[in-house]
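These figures come from a predicted structure and were not determined experimentally. The sequence lines fix the lettering, A, B, ..., with proteins before strands; numbering per chain opens at 1.
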Amino acid sequence: MPNLALSSTGITFPDSTTQTTSATAAGAIGTTQLAANSVTAAKLGTNEQKQICKSWANFNGAAIYSGIAASSTLVVTAGSNQGTWNYTAAFNSGQVGCIYYFNIGGTNATLGGVNVSTVGVQITSFVSANQVTFVLLAGNATSTQTVTGTGAAGGYSFSTSGIRSSYNVSSITKNATGDYTVNFTNAMADSNYSVGGSASSIIAQLIMSPYTPATMTTSSCRIYVTNTSVGGDNAVVCVQIFGN
Amino acid sequence: MSYITYPQENGQVAVIIPADPSLSIEEIAAKDVPAGTTYKIVDSLDIENDYFNAYEFHADLGASVNITKAKELHLNKFREARSPKLAALDIAYSRADETADTAKKAEIAAQKQALRDVTKTLLPDDLAGIKATWPTILS
């Protein structure tokens with residue numbers, strides 16, 4: 001695979017030849033087909049760049065949680081990336097989509113041969129308060145395994161971020177109930193961006209808004225989810241940032 | 001996974017939840033903790049989310065509950081639960097007043113006073129005990 005150097009004017013190949021893009025007007029999408037190398041290059045104009053969501057996140061506002069899973073079981077089957085987690089009266093539907101990390105047996109971080117201590121599993125369905133299903137995030141299990149949690153010594157610990165998916169988000173800070181700061185991996189061009197969002201309706205009359213203009217900075221944006229005057233944690237909080 | 005905690009000016013703990021796997025927890029701390037603020041990286045965090053606002057920064061554990069604040073939050077749950085009950089009793093009292101039913105009015109007045117007194121309920125000094133305390137009149 002040759003090394004290609006990208007610049008605002010085109011693509012430079014290892015032999016120092018340059019193929020420029022074919023953008024002909026400000027705001028147009030320039031596309032060049034480089035037949036010999038089977039490369040297609042696209043350059044977005046100023047207007048197109050503004051249409052791209054610069055940062056977004058979907059998270060569970062109530063999910064900061066870690067603990068020891070006692071009297072529970074984790075089950076995976078060799079050749080499958082699916083599994084079940086049985087834990088009496090431990091689950092709710094807000095956990096669907098959330099990523100959990102397990103530390104099994106304190107030192108053995110694998111489940112069916114898959115590292116779930118750093119890679120984790122994502123909850124795929126809520127079956128009941130006693131059971132959820134999940135998918136292993138690092139491929140199929142290589143062996144069938146059932147782990148029974150019986151306490152701190154013989155069980156397993158778990159933790160969750162509550163963040164289902166995100167883009168250009170380094171972290172989310174929970175400041176208080178319903179009060180979060182979305183921290184950007186790459187800074188915004190300026191602080192005059194637009195914040196969109198929604199939150200699930202478990203709490204009535206829900207409003208999600210930027211906290212104050214002063215807390216909209218190029219590096220982070222603080223948001224507040226509230227039912228009238230009291231902050232509320234909701235199972236699904238979604239935030240999108242559009243800007244320059 | 002790891003979390004980062006730090007104290008806020010109002011005394012509450014803030015918890016940073018990593019989202020970008022390309023960044024180490026140390027890199028996230030350097031970037032997202034307010035400059036000059038003490039912080040703690042922890043592998044687990046024992047926080048009862050319903051009482052999040054009662055937690056404060058703890059240099060070893062990352063966060064620990066302030067029982068006094070937890071009690072006040074729990075009393076707010078009492079107040080929230082009794083509000084519609086008081087409203088319903090207000091209507092019942094008005095109806096009893098219209099029919100000059102003195103005995104009914106006295107009965108309702110006693111119920112309202114009992115609801116007002118729920119915030120005088122003595123709460124235990126541990127979070128599990130606080131959570132388990134719920135006056136039957138609010139059920």
Which atoms of A:Thr185 come close to chain B, meaning under 4.5 Å heavy atom to heavy atom: side chain ones, backbone ones, both, or neither? both
Are a donor atom and an acceptor atom from the side chains of B:Gln113 and B:Asp117 found within less than 3.5 Å of each other? yes
Do the charged groups of A:Lys174 and A:Asp233 touch, with an N to O distance under 4.0 Å? yes
What part of B:Tyr6 gets within 4.5 angstrom of chain A, counting heavy atoms only: side chain, backbone, both, or neither? side chain
Side chains of B:Asp97 and B:Lys105 in contact at under 4.5 Å (non-hydrogen atoms): yes
Measuring heavy-atom distances to chain B, does A:Phe184 have an atom under 4.5 Å in its side chain, in its backbone, in both, or in neither? backbone
Under 3.5 Å, is there a donor on one side chain and an acceptor on the other for A:Thr88 and A:Asn130? no
Find out whether the Lys NZ or Arg CZ of B:Lys69 is both under 6.0 angstrom from the six-membered ring centre of B:Tyr51 and within 45° of the ring's axis. no
Let me know if B:Val13 has heavy atoms under 4.5 Å from chain A in its side chain, its backbone, both or neither. backbone
Greatest number of heavy atom pairs closer than 4.5 Å to chain B - which of A:Thr118, A:Asn168, A:Ile163: A:Ile163
Counting heavy-atom pairs under 4.5 Å with chain B, which one of A:Tyr167, A:Phe158, A:Tyr100, A:Tyr101 comes out on top? A:Tyr101
